[in-house]
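Notes for the one structure printed next.
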Amino acid sequence: MAHDNPHSDDPHHAHAHLPPDPALRVKALETILTKRGLVDPAALDEIIDIYQNKIGPQNGARVVAKAWSDPEFKARLLADADQVLREMDIYGRQGEHMVVVENTPETHNMVVCTLCSCYPWPVLGIPPAWYKSDAYRARAVREPRKVLADFGVTLPEGTKVRVWDSTAEVRYLVLPMRPEGSDGLDEAALAALVNRDSMVGTALTSFPEGTV
């Protein structure tokens, strides 16, 4: 019937036609806003480039590598991440209050945002689609070991999994365990071993296959 959807031809209700997948929704919204002249695609590309290549996982990797190399720095980082990160000129929106949690043989840490997609942009850049997905947000707390298995991570039975729920007030960075055999590497080489997912807790750090 003609009145089943009174907003079907109303451009102000375009959100009703957005796809359910988060990545597709973002693209659809970008297209709608661009057509209306509300956003500049070039400006969006520049913002994405900044967070991917200048404010991205390489910042977090630099922090992790320094913590692996300098016990005093590591102690300060775990005690007051905000102060240490500011000294390294790593701070900004979505990272106003940071807490660093350390992985050990006894405890593996994993980060989620169950309410939305709070994420530490200054140290990790733009959050991946899976981090924002309903499935990850719901399952990470309920069945963390199964979620880790989906990412290819199998922990020893004696290792406890601790899940941290990010909020608008506090965001977390996981300090992964240093790979065995990396004692002779400098900070730059160590940073190359660190990937984004290991700093969220959904991956482990290791040497690339064939390098050891």
Side-chain angles (χ1 to χ4, degrees), residues 56-85 87-88 90 95 97-114 118-120 122-125 127-128 130-131 133 135-167 170-212:
Q58 63 271 19
N59 281 347
R62 182 159 57 96
V63 173
V64 170
K66 189 168 182 62
W68 285 346
S69 305
D70 185 340
E72 182 179 348
F73 173 87
K74 174 182 169 182
R76 292 180 57 231
L77 179 69
L78 294 174
D80 187 353
D82 290 337
Q83 178 62 33
V84 174
L85 293 175
E87 291 173 4
M88 297 181 71
I90 302 175
H97 181 37
M98 292 289 306
V99 172
V100 175
V101 292
E102 181 185 12
N103 281 352
T104 67
E106 294 75 32
T107 303
H108 179 89
N109 297 283
M110 181 177 170
V111 182
V112 66
C113 177
T114 56
C118 295
Y119 192 78
V123 289
L124 294 184
W130 57 260
Y131 184 85
S133 70
Y136 178 77
R137 289 159 48 199
R139 296 180 59 220
V141 173
R142 188 173 65 248
E143 46 186 19
R145 286 185 179 273
K146 290 184 178 179
V147 172
L148 288 173
D150 290 343
F151 280 92
V153 176
T154 301
L155 300 172
E157 289 186 8
T159 300
K160 177 179 65 175
V161 179
R162 184 168 186 181
V163 180
W164 300 84
D165 193 356
S166 290
T167 68
V170 59
R171 288 168 171 80
Y172 299 92
L173 176 73
V174 173
L175 176 59
M177 289 195 297
R178 181 171 178 164
E180 294 184 6
S182 63
D183 294 344
L185 300 182
D186 61 18
E187 287 187 20
L190 288 172
L193 302 179
V194 184
N195 59 63
R196 178 199 63 200
D197 291 4
S198 69
M199 293 181 283
V200 178
T202 55
L204 304 177
T205 51
S206 62
F207 285 97
E209 188 174 350
T211 62
V212 293

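Bear in mind the structure is a predicted one, so any value in this text is a computation, not a measurement.
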Please list, chain by chain and in numerical order, all residues satisfying side chain to side chain donor-acceptor pair (under 3.5 Å) with Asp80, sequence neighbours excluded.
-> none
Indicate the atoms forming the closest heavy-atom contact of Thr202 with Phe151, along with that distance.
-> O-CB, 3.3 Å
Min side-chain heavy-atom separation Leu85-Pro122 under 4.5 Å | no
Between Arg171 and Tyr119, is there a donor-acceptor pair closer than 3.5 Å when you use the side chain of the first and the backbone of the second?
-> yes
Side chain to side chain contact (heavy atoms under 4.5 Å, CB included) against Ser206, all qualifying residues, sequence neighbours excluded = none
Could you tell me the separation between the SG atom of Cys118 and the OH atom of Tyr131, rounded to the nearest 0.5 Å?
-> 7.0 Å
Return the set of residues passing side chain to side chain contact (heavy atoms under 4.5 Å, CB included) with Pro144 (not counting sequence neighbours), or none when no residue passes.
-> Met110, Val161, Val163
Taking only residues two or more places apart in sequence or in another chain, which ones pass salt bridge (Lys or Arg N to Asp or Glu O under 4.0 Å) with Lys160?
-> none
Given side chains that start at C-beta, do those of Met199 and Val63 come closer than 4.5 Å, heavy atoms only?
-> no
Heavy-atom closest pair, residues Phe207 and Pro179 | CE1-CB, 4.3 Å
Give the minimum heavy-atom separation between Ala65 and Ala191, together with the two atoms involved.
-> CB-N, 3.6 Å
Closest heavy-atom contact between Val111 and Ser166?
-> CG1-OG, 3.3 Å
Per the side-chain contact (heavy atoms from CB on, under 4.5 Å) rule, which among Val174, Leu204, Val101 passes with His108?
-> Leu204
Is the backbone of Val194 close enough, under 3.5 Å, to the side chain of Ser198 for a donor and an acceptor to pair up by distance?
-> no
Salt bridge (Lys or Arg N to Asp or Glu O under 4.0 Å) filter on Asp150, not counting sequence neighbours, yields Arg139
With Lys74 via side chain to side chain donor-acceptor pair (under 3.5 Å) - residues at least two apart | Glu102
Here the gap from Leu77 atom CG to Glu72 atom CD, rounded to the nearest 0.5 Å, amounts to 12.5 Å
Tightest non-hydrogen contact, residues Val141 and Val112, listed as CG2-CG1, 4.0 Å
Taking only residues two or more places apart in sequence, or in another chain, which ones meet Phe73 in a ring-ring contact (aromatic ring centres under 6.0 Å, His included)?
-> none
Calculate, to the nearest 0.5 Å, the distance between atoms OG1 and CZ belonging to Thr159 and Arg145 respectively.
-> 6.5 Å
Reported OG1-to-CG distance for the pair Thr205 and Leu193, which is rounded to 0.5 angstrom | 7.0 Å
For Ala189, all residues meeting side chain to side chain contact (heavy atoms under 4.5 Å, CB included), sequence neighbours excluded | Leu185, Asp186
Could you pull out all residues at least two apart from Trp164 that satisfy ring-ring contact (aromatic ring centres under 6.0 Å, His included)?
-> Tyr172
Output all residues satisfying side chain to side chain contact (heavy atoms under 4.5 Å, CB included) with Thr154, sequence neighbours left out; order by chain, then residue number.
-> none
For Arg178, salt bridge (Lys or Arg N to Asp or Glu O under 4.0 Å) partners two or more places apart | none
Residues passing the side chain to side chain donor-acceptor pair (under 3.5 Å) test with Glu106, sequence neighbours excluded, are Thr104
Please report the closest heavy-atom contact between Asp82 and Met98, naming both atoms and the distance.
-> OD1-N, 2.6 Å
